[in-house]
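Below is one structure; the comments refer to it alone.
Since we're looking at a predicted model, the values are computed, not measured. To find a chain, count down the sequence lines: A is the first, B the second, and so on, and within it residues start at 1.
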Protein chains: 2
Amino acid sequence: MIIKPTESELEILNILWSKGPSTVREVHEVLEQNKEAGYTTTLKLMQIMHDKTLLTRDASSKSHVYTANVSQQKTQGQYIKRMIDNVFNGSASQLVIQALGNHKTNKKELDEIKKYLAEMEKKTK
Amino acid sequence: MIIKPTESELEILNILWSKGPSTVREVHEVLEQNKEAGYTTTLKLMQIMHDKTLLTRDASSKSHVYTANVSQQKTQGQYIKRMIDNVFNGSASQLVIQALGNHKTNKKELDEIKKYLAEMEKKTK
DNA sequence: TTGTATTTACGAAAATATTCGTAGGTTTGC
DNA sequence: GCAAACCTACGAATATTTTCGTAAATACAA
């Protein structure tokens, strides 16, 4: 199944991924920190996401509690794939190098990457 | 200036980046290989992109010749930034690792990345 | 109980993106 | 010169995404 949340949906997924199951109100309060938005806008979005099964919800209490129903990892993977295909001519290394170049990457992050590369090497042998 | 081409626009930019300046017909023929689309649809899109100054054009001959007016590198950079922010919680290394993990990366690509990392190291010192 | 606040459901407007038909102009080959 | 092929311009229909107002239900406090 192809997961293709819109940008707004992605913002909401991100909040749910990091905070865990939340009510509309809770999600909305986080969203508001970055941009203006009406409460019912957030509500509607999350209802639509529920219809699309991007979210599940527990309606047992008055304020429904929503949970992301797609994994962060899988969603990330599909985004990357789309991006590599559409924007990077299929070259993952081009993406990686751009990412490292444009973004200020700290030592800890670099170490993680090197560690990961080393593991890949091992498996290849 | 923030560059934010839509998905369709990105497809066209990619063609222009790789083929260089081209007519609508030439772009359209490449597009057709991947998906069904009417000629005037492609034309209209490129006209809109011209209005947005994503493309420049030479109208001196009957078939106008369009050129990408945004660099591939800059566009890529902005996409990555947006993606890191929206989908990867601001962590570039998370993106890099996902990219390497999901995508089959060959030895040549891996070498390029390692080389790049080594250079970064040098500069940091 | 009663009213105030909060919530959901839902329709619909507004904004944005995509697709296409048609009209009119230009080129080309016969 | 004339028709066929091809091109642009442009309006408008569709589709998709985002936003919001309103009504009805529920909870809660006085």
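Between the CD atom of E7(A) and the C1' atom of dA17(C) there is a distance of 13 Å, given to the nearest Å. Counting to the nearest Å, the C1' atom of dA17(C) and the CG atom of L10(B) are 14 Å from each other. Atom-to-atom, CZ of R57(B) to P of dC7(D) comes out at 15 Å; the value is rounded to the nearest Å. Spacing between atom CG of L45(B) and atom P of dT8(D) amounts to 14 Å, rounded to whole angstrom units. The NE2-P distance, from H28(B) to dC7(D), rounds to 10 Å in whole Å. Note: NE2 (H64(A)) to P (dA25(D)) measures 14 Å, nearest angstrom. When rounded to the nearest whole Å, the span between NE2 of H50(A) and C1' of dA9(C) equals 13 Å. Atoms CD (E36(A)) and P (dT18(D)) sit 17 Å apart, rounded to a whole Å.
Mapping L43(A) and I48(A) onto DNA chain D by nearest heavy atom places I48(A) closer to the 5' end of the strand.
Nearest to the side chain of Q47(B), among dA9(D), dT6(C), dA17(C), sits dA9(D). In this structure, of dA12(D), dT7(C), dT19(D), it is dT19(D) that holds the atom nearest to the side chain of K44(A). Between dC7(D), dT7(C), dT18(C), one nucleotide has an atom nearer to the side chain of S63(B) than all others, and that is dC7(D). Closest approach to the T6(B) side chain among dT19(C), dT18(C), dT8(C) is made by dT18(C) (side chain taken as heavy atoms from C-beta onward). Considering only the side chain of K52(B), dA17(C) comes nearest among dT18(D), dA17(C), dC6(D).
T40(A) comes within 4.0 angstrom of a nucleotide base, judged by non-hydrogen atoms across all strands. Residue contacts for T41(B): at a heavy-atom cut-off of 4.0 Å it reaches a base atom on one of the strands shown.
At dT8(C), none of the side-chain N or O atoms of R25(A) fall inside 4.0 Å of OP1 or OP2 (strictly under the cut-off). Side-chain N/O atoms of S8(A) include one lying less than 4.0 angstrom from OP1 or OP2 on dT18(D). Between Y39(A) and dT8(C), a side-chain N or O to OP1/OP2 separation shorter than 4.0 Å is present.
Side-chain atoms of K62(A) come within donor-acceptor range of the base of dT6(C), with a qualifying N/O pair under 3.5 Å.
A side chain to side chain contact (heavy atoms under 4.5 Å, CB included) with V24(A) is found for exactly one of L45(A), I12(A), L43(A), namely L43(A).
Of the possible donor and acceptor atoms, none in the side chain of S61(A) sits under 3.5 Å from a partner among the backbone N and O of A59(A). In this structure, Q78(B) contributes its side chain and I3(B) its backbone to a donor-acceptor pair below 3.5 Å. At least one donor-acceptor pair under 3.5 Å links the side chain of S22(A) to the backbone N or O of G20(A).
A salt bridge links E7(B) to K4(A): one of the charged nitrogens lies within less than 4.0 Å of a carboxylate oxygen.
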